Amino acid sequence: MGIIAGLMEEAPRFFTYWNMLFLANAALNTLLVSLIGCLAGYALGFTIATFRLPQITPVGPVRGALILYVEAIRRIPFLVLLMCVFFGFQLSGVQASLFLIAVTSVALRMSALSAENVRAGYEAVQERQWDAALTMNIPPLTALFRIVLPQSWRVILPPSTIHTVSMIKETSLVSQIGFLELTFSARMLNQRGFSALICFGTVLVLYFVISYAFSAAGRYAERKLVDQARTVRTPVLPA
């Protein structure tokens with residue numbers, strides 16, 4: 001009861017217009033870093049997974065270098081990757097904003113995760129589909145986008161949604177470089193004299209809202225994909 005009474009007494013001082021505006025700005029930064037970083041990372045991961053296909057890139061060393069990149073990035077903790085990007089920009093002499101550093105870190109992390117998602121989707125399609133397409137003189141890229149990829153989306157989409165939500169939560173580590181996002185804003189409000197419970201509790205709710213919105217969007221896309229698969233027959237070559 002004492003904790004509840006303390007929160008009730010503190011709430012009017014905490015939930016003021018300027019504090020809510022400050023938290024809204026931090027939430028917007030978190031959302032932008034997550035959205036832009038994940039989109040850029042997914043585009044890079046899709047490209048990496050595509051060029052790892054032997055039908056697209058027959059040169060073994062190129063595929064080996066792409067595999068090495070994916071495995072290396074996947075095994076580096078996000079905080080270490082963030083610091084590598086942060087000091088990498090400093091050592092290169094490039095004057096990069098904290099926003100750019102945060103987006104680059106998220107994009108690199110997401111590129112490795114999405115590359116594995118897309119690769120798993122490609123491998124879910126039988127190899128004989130590729131063989132049949134090449135036998136019919138269909139160019140590899142045309143076979144990929146018209147035959148393989150439409151069958152792969154049902155495997156690619158669910159883990160992609162999960163990894164996107166996980167990256168939203170991992171953006172809390174960006175506060176370590178001084179970037180204003182939700183965790184950093186909660187720490188600043190806590191240093192102004194507000195209790196940690198009300199500061200980080202409010203941020204917890206905001207993280208939940210953002211993550212739930214992304215999860216709901218992913219579930220909606222999955223349902224649309226299933227409904228489309230029921231009504232439209234995907235062109236599949238005879239195995």
Side-chain angles (χ1 to χ4, degrees), residues 1-42 73-74 76-113 161-218:
M1 294 297 294
I3 296 177
I4 297 177
L7 289 177
M8 293 292 291
E9 181 181 353
E10 189 178 15
R13 295 189 299 107
F14 180 80
F15 294 104
T16 61
Y17 171 78
W18 294 110
N19 283 349
M20 294 303 98
L21 185 63
F22 180 66
L23 286 173
N25 185 32
L28 179 62
N29 287 342
T30 297
L31 185 61
L32 288 176
V33 167
S34 303
L35 186 60
I36 297 174
C38 287
L39 287 176
Y42 205 91
I73 296 296
R74 284 179 63 203
I76 298 177
F78 182 69
L79 180 59
V80 177
L81 180 63
L82 175 66
M83 292 302 172
C84 289
V85 174
F86 179 74
F87 289 112
F89 274 112
Q90 287 190 341
L91 292 175
S92 64
V94 177
Q95 298 296 326
S97 64
L98 295 179
F99 180 81
L100 179 60
I101 294 173
V103 169
T104 302
S105 303
V106 172
L108 289 176
R109 180 70 168 176
M110 191 61 185
S111 67
L113 298 176
T161 303
I162 295 173
H163 283 141
T164 300
V165 173
S166 69
M167 286 308 305
I168 294 173
K169 292 179 286 187
E170 286 201 48
T171 55
S172 61
L173 296 173
V174 179
S175 62
Q176 299 300 316
I177 62 173
F179 179 71
L180 177 60
E181 47 77 54
L182 283 173
T183 302
F184 189 78
S185 65
R187 189 185 306 165
M188 292 184 66
L189 290 172
N190 182 226
Q191 292 175 352
R192 291 179 186 175
F194 296 104
S195 66
L197 182 59
I198 196 170
C199 294
F200 289 96
T202 304
V203 165
L204 174 64
V205 173
L206 293 175
Y207 270 121
F208 173 79
V209 171
I210 296 175
S211 299
Y212 183 82
F214 273 85
S215 299

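Quantities reported herein were computed from a predicted structural model and do not represent experimental measurements. Along the sequence shown, the residues carry numbers beginning at 1.
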Do Ile177 and Phe87 pass the side chain to side chain contact (heavy atoms under 4.5 Å, CB included) test, and can you show the C-alpha distance, the side-chain angles, and the key distance before you say yes or no?
CA-CA 10 Å; Ile177 62 173; Phe87 289 112; over 6 Å; no
Could you please spell out the steps behind the side chain to side chain contact (heavy atoms under 4.5 Å, CB included) verdict for Leu189 and Leu23?
CA-CA 9 Å; Leu189 290 172; Leu23 286 173; 3.8 Å; yes
Would Asn29 and Asn25 count as a side chain to side chain contact (heavy atoms under 4.5 Å, CB included) here? Give the steps.
CA-CA 6 Å; Asn29 287 342; Asn25 185 32; 4.1 Å; yes
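Rounding to the nearest 0.5 Å gives a distance of 11.0 Å between CG of Asn190 and OG of Ser185. The line from CG of Leu35 to CD1 of Ile210 is 11.0 Å long, rounded to the nearest 0.5 Å. A distance of 6.5 Å separates CZ of Arg187 from CZ of Phe200, quoted to the nearest 0.5 Å. Here the CG atom belonging to Leu32 is positioned 12.5 Å from the CD atom belonging to Glu181, to the nearest 0.5 angstrom. Expressed to the nearest 0.5 Å, how far CE of Met83 lies from OG of Ser105 amounts to 9.5 Å. The structure places CZ of Phe86 at 12.0 Å from CG of Leu79, a figure rounded to the nearest 0.5 Å.
Screening residues 89-99 for side chain to side chain donor-acceptor pair (under 3.5 Å) gives no qualifying pairs among residues at least two apart or on separate chains.
Looking only at side-chain heavy atoms (C-beta outward), Cys84 and Val80 come within less than 4.5 Å of each other. Between Tyr42 and Thr164, every side-chain heavy-atom pair lies at or beyond the 4.5 Å cut-off.
Of all heavy-atom pairs spanning Phe184 and Phe179, the tightest one is CB-O, 3.4 Å. Here the closest non-hydrogen pair linking Arg74 and Ala112 is CG-CB, 3.6 Å.
Judged by distance alone, the side chain of Thr30 and the main-chain N or O of Leu182 form a donor-acceptor pair under 3.5 Å. Looking only at distances, no side-chain donor or acceptor of Arg109 sits under 3.5 Å from a matching main-chain atom of Leu82.
For Tyr212, the OH atom sits in a loose shell: 12 or fewer heavy atoms of surrounding residues, nucleotides or ligands are nearer than 6.0 Å.
Each of Val33, Val85, Val174, Val106 was evaluated against Ile101; a single residue qualifies, Val85, per the side-chain contact (heavy atoms from CB on, under 4.5 Å) test.
Between Phe194 and Phe14, the two ring planes are perpendicular [angle over 60°; tilted spans 30° to 60°].
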Donor-acceptor pairs under 3.5 angstrom involving side-chain atoms of residues 165-172: please list them, not counting sequence neighbours.
from   : atom 1 : to     : atom 2 : distance (Å)
Ser166 : OG     : His163 : O      : 2.7
Thr171 : OG1    : Ile168 : O      : 2.4
Ser172 : OG     : Lys169 : O      : 2.8

